[in-house]
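Computed from a predicted model, the values in this text were never measured in an experiment. The figures that follow rest on heavy atoms only: side chains count, while hydrogens, waters and symmetry mates do not. Just follow the structure's listing: the first ligand is 1, and inside any ligand the first atom is 1.
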Amino acid sequence: MQPLSHIHRNKFPTPFFGLALVLLVSLASPTSSCTEQQKSSLLQLLAGLSREGGLTASWRSDMDCCSWEGITCSPNMTVTDVSLASRGLEGPISPFLGNLTGLLRLNLSGNLLSGGLPLELVSSSSIIVLDVSFNRLTGGLHELPSSTPARPLQVLNISSNLFTGRFPTMTWEVMKSLVVLNASTNSFTGQIPTTPCVSAPSFAVLELSFNQFSGNIPQGLINCTVMKLLSAGYNNLSGTLPKELFNVTSLEHLSLPNNHLEGPLNGITKLTNLVILDLGGNEISGKIPDSIGELTRLEELHLDHNNMSGELPSGLSNCIDLTTIDLKRNYFSGKLSNVNFSNLSNLKKIDLLYNHFTGDIPESIYSCSKLTALRLSYNHFHGQLSEKIGNLKSLSFLSLVNNSLTNITRTLQILSDSRSLTTLFIGFNFLHETMPEGDSIDGFVNLQVLSINDCSLSGKISDWLSKIPNLGMLLLHNNELTGPIPDWVSSLNFLFYLDISNNSLTGEIPSALMEMPMLVSEATAPMVFELPVYNKSPFIQYLMPGAFPKVLNLGTNNLTGLIPEKIDQLKALISLNLSSNKLSGEIPRLISTLTNLQVLDLSSNHLTGTIPSALNNLHFLSRFNICNNDLEGAIPTVGQLSTFPSSSFDGNPKLCGPVVGNHCGLPEASPVSIASAKQFGNLVIFFIAFGVFFGIGVLYDQIVLARYFC
Ligand SMILES: *[C@@H]1O[C@H](CO)[C@@H](O)[C@H](O)[C@H]1NC(C)=O
Ligand SMILES: *[C@@H]1O[C@H](CO)[C@@H](O)[C@H](O)[C@H]1NC(C)=O
Ligand SMILES: *[C@@H]1O[C@H](CO)[C@@H](O)[C@H](O)[C@H]1NC(C)=O
Ligand SMILES: *[C@@H]1O[C@H](CO)[C@@H](O)[C@H](O)[C@H]1NC(C)=O
Ligand SMILES: *[C@@H]1O[C@H](CO)[C@@H](O)[C@H](O)[C@H]1NC(C)=O
Ligand SMILES: *[C@@H]1O[C@H](CO)[C@@H](O)[C@H](O)[C@H]1NC(C)=O
Ligand SMILES: *[C@@H]1O[C@H](CO)[C@@H](O)[C@H](O)[C@H]1NC(C)=O
Ligand SMILES: *[C@@H]1O[C@H](CO)[C@@H](O)[C@H](O)[C@H]1NC(C)=O
Ligand SMILES: *[C@@H]1O[C@H](CO)[C@@H](O)[C@H](O)[C@H]1NC(C)=O
Ligand SMILES: *[C@@H]1O[C@H](CO)[C@@H](O)[C@H](O)[C@H]1NC(C)=O
Ligand SMILES: *[C@@H]1O[C@H](CO)[C@@H](O)[C@H](O)[C@H]1NC(C)=O
Ligand SMILES: *[C@@H]1O[C@H](CO)[C@@H](O)[C@H](O)[C@H]1NC(C)=O
C-alpha cells in the first residue's frame, strides 16, 4: 500500500542506521503517513472550497497527507503546519481543521476565504499561530467562556478582513500565552481591550489600526508591562493620553494617528524606550516638552496635523537616532535654531509644512548629510538659501514654497549642483525678481519636478530649463513671464505636465509643442516623491508624480494665431487649457481624436466657425468650456457635449440651441438675443485648471482658480 513507509518502519529498530535512512529517504520522497482522521479533516476543508487553487491535484486521498502541498508533519506523522497563504482559495474555512489535534501553525493569509472564523480554531488546544489575514471573513469574533481551559495561542492575525461588531474582551482571559494580536483593517467597534495584559504575561503586540474602536485610551494599559507595540491609528478614539499609558515603559512603538485625541504631550517622555511615536492627525495641543530629549532611542516622530504650538525645544537635539521629524500642519513658531541639527546626523526626512517658523533656515540643518527630503513650505523663513545645502548629497525632495526667500538666481545656482535632487518646489518666494536668463543655470541632472509658480517673476522661459534632461513636470504659472513659448519644449523627453498659465507669453503656439514625446505616447516616467504631495483633500496623496495627469496649460497669456492642426498628435493628454488668449481660427476638428481628454478649455479667445460635432467622441470629457468666443451654429443636442450647461457655451452670440435659449434654423432670429446678452454679464464661468496652488506640494487638481464673466 505505502511501500516507502514500510521500509522506514522496518528499519526503525536500528536507530542509527534508521535515522540515516530516514534522512536519506526524506530527501527523495515522503517518509511519514498521516492518520485517516487528519486526512479527512483536511479534505473537509478542500471539499468546502469553491475554488481550491489547484490543491486537488496534490491532496489525493490515496496519498499520505504529510506529502500534500502546504502540509508539514512532525516525525511522528502529526500535521503541525497548514500553510496555504496566497493560493486563491475561495469559500469557507472548515471548522474540521480544529480536529487536527497536533496543528501548531495555520496560515491561510491572502486568499478569498469568506464566512466566519470558526471558534474551533481560535479555541484550539494546539494552535499557537493563526494567520487568516487578507481574506473576506465576516461576522464577529465570539467570546469564549472564561471557564475554557487555558489556550496555547500565541499569535493571532485576523487583520484585513470584513469582521464587524464589538471586539471580544473575555476571550483573551483564556489566552494565557498570547503575544501578538493583530486585528487591523476590519470594522470592529468597542474599546481597546486590555484583558490580555492581565492574563498573558508575554503580551507584547496589539495592532488595531483601521477599525472603529472608540472611547478613551484605557487606563488598563498600566497592566501591559511588557508591551512593545500599541497601534490603534485610524479609529475613533478620544480623550487625553492617560497617565497610565506612560507607565508602559516597555513600549517601543506607539502609533495612534488619525483619532480625536487631545490634550498635551507631557508624560510621554517617560516612555524612554520609544523608537516610533506617531500621534499625527489628532487634536494634541501645547508644546513639545523639552524632556523629549529623554527619548534617546527615538527614530520617528510624527506629530503632524495637530494643534501644537510653541518653539521646538533644544532637548530635541538629544534624540540622536531620529530619522524622521514630521510636524506639518501645526502652529509651531519661533526659530529652528534651538535645535542643534548637527547632532541629528541620522535624519532622513524633515517635514515642517504649514507652521509659523521664522528666521533663517538654521545652518546646522546642512550637516544632516543623510537627509533625503526637506519640506519647510508655508512658514516664515526668510533670507537667502545657504550654499551649504550642497552638503546634503542625498537630498531628493526640497520644498520651500511660500516663505520669504530671496535671490532666485543664487538659489537655482546652488541647487543645480545637487545630483540627487529630483523634486523642487520653490513657488511663492522671490517676489518680483527676474527669471535667470540664458544658460546661467547648469545642472539639475536628476530633477524631475520643478515648480516656480506665483513668484511674479519677469523674464522669459529661459533656455537653461531645456537642459534639465529628466524634467517631467514644469510649473511656472502665475508669474509675469514674457516672450514666446520656446520650441525646445519638445526636446524634453519626459515632460508630461506643463503649466505656464497666467503669464504674459506672446506669439503663436509653437508646432514643436505638438511633438512633446510624453504627450504623444502613453509612456509614463517612473518617479517617486520622497514625501507625499497633497491634493486639496488631505486624504488624497500623490506618492508618485506619474500619478498626475498629463496636462498642457497655456491659459491666460497673450498667445495669438491658430490652434495648431497637429494638436491631434497629443493623444495622451488628459487636460488641455488654452483659455483666455487671443487665439483665432476654427477649433481643429481632430481635437476630437484626443479621446483621453477630461478637461478641454478654449474659452475667452477669438475662435470662429462651428463646434465640430465629432467632439462628441470625447467620452471622458467632464469639463468643457468654449464660452466667450465667436463661434456659430448649433450646439449638439445629443451626445457628450449636450451634457454641459449653458455656462460652457455662453458669450458666443451666434451659437444656437436649447441650452443657450437661442433657437436654431430661424433665419430672421436676431443675431444677439437679449437673454443671452444678459447671461453674458451675469454668469460666473468656472475656469478649470490643474496646478500646484498651495505651494509646496499642495496641489489642487480641478479647482476654481479664477472667475470669468463670459
Ligand atoms: C507527536 O510529537 C509531538 C511533538 O513533536 C507530540 O506533542 C505529540 O504528542 C506526538 N503525537 C503522537 C501521536 O505521538
Ligand atoms: C471534528 O470537528 C467537527 C466540527 O468542529 C466536530 O463536529 C466533530 O465532533 C469533530 N470530530 C472529532 C472526531 O473530533
Ligand atoms: C503567512 O504567510 C504569509 C505569506 O507567506 C507570510 O507573509 C506571513 O508572515 C505568514 N504568517 C505568519 C504568522 O507567519
Ligand atoms: C500577521 O501578523 C503576524 C504577527 O504580527 C505576522 O508575523 C504576519 O507576518 C502577519 N501576516 C501577514 C500576511 O503579514
Ligand atoms: C498586522 O498584519 C498585517 C497584515 O495584515 C501586517 O502587514 C502588519 O505588519 C501586522 N502588524 C503587526 C504589528 O504585526
Ligand atoms: C490591572 O490588573 C489588575 C489585576 O491584575 C486589576 O485589578 C486592575 O484593575 C487592573 N488595572 C486597571 C487600571 O485596569
Ligand atoms: C466616535 O465617537 C464619538 C464619541 O466619542 C461618537 O459620538 C461618534 O458617533 C463616533 N463616530 C463614529 C463614526 O463611530
Ligand atoms: C506609574 O508611574 C508612576 C510615575 O511614573 C509611578 O509613581 C507609579 O508607581 C507607576 N505605577 C505602576 C503600577 O507601576
Ligand atoms: C488649540 O490650542 C489652543 C492653545 O494653544 C487652544 O486654545 C485651543 O482650544 C486648541 N484647540 C483645539 C481644537 O484643541
Ligand atoms: C551643535 O553640536 C555640534 C556637534 O555635536 C557641536 O560641535 C556644536 O558646538 C553645537 N552647536 C551649538 C550651537 O551648540
Ligand atoms: C544674489 O546672489 C548672487 C550670487 O549668486 C549675488 O551676486 C547677488 O548679489 C545676490 N543678489 C542679492 C540681491 O543679494
Ligand atoms: C496682453 O497684452 C495686452 C496688451 O497688448 C495687455 O494689456 C494684457 O495685460 C496682456 N495680457 C496678459 C495676460 O498678459
Checklist entry - Could you go step by step and tell me if L106 and V132 meet the side chain to side chain contact (heavy atoms under 4.5 Å, CB included) rule? => result CA-CA 8 Å; L106 175 58; V132 294; 5.5 Å; no

Item to check | Trace of the side-chain hydrogen bond (donor to acceptor under 3.5 Å, both in side chains) decision for S285 with E283 | outcome: CA-CA 6 Å; S285 53; E283 287 134 43; over 6 Å; no

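Distance from atom 13 (C) of ligand 2 to its nearest protein heavy atom, with residue and atom name: Q37 NE2, 3.5 Å. Scanning the protein heavy atoms around atom 5 (O) of ligand 2, the nearest turns out to be E120 OE2, 3.5 Å. Protein heavy atom closest to atom 1 (C) of ligand 2, with residue, atom name and distance, is N99 ND2, 1.7 Å. Among all non-hydrogen protein atoms, the one lying nearest atom 4 (C) of ligand 8 is K270 CE, 4.6 Å. Closest protein heavy atom to atom 6 (C) of ligand 10: N340 ND2, 4.1 Å.
Other residues, nucleotides and ligands place more than 12 heavy atoms under 6.0 Å from the CD atom of Q44.
Electrostatic pairing of R297 and D321 does not count as a salt bridge here, judged by no charged N lying under 4.0 Å from a carboxylate O.
Under the 4.0 angstrom criterion, atom 9 (O) of ligand 2 counts as lacking any protein heavy-atom contact.
When N247, T225, N223 are ranked by how near their heavy atoms come to atom 11 (N) of ligand 8, first place goes to N247.
A donor-acceptor contact shorter than 3.5 Å is absent between the side chain of R329 and the backbone of Y354.
Disulfide check for C73/C66 passes, with the SG atoms closer than 2.5 Å.
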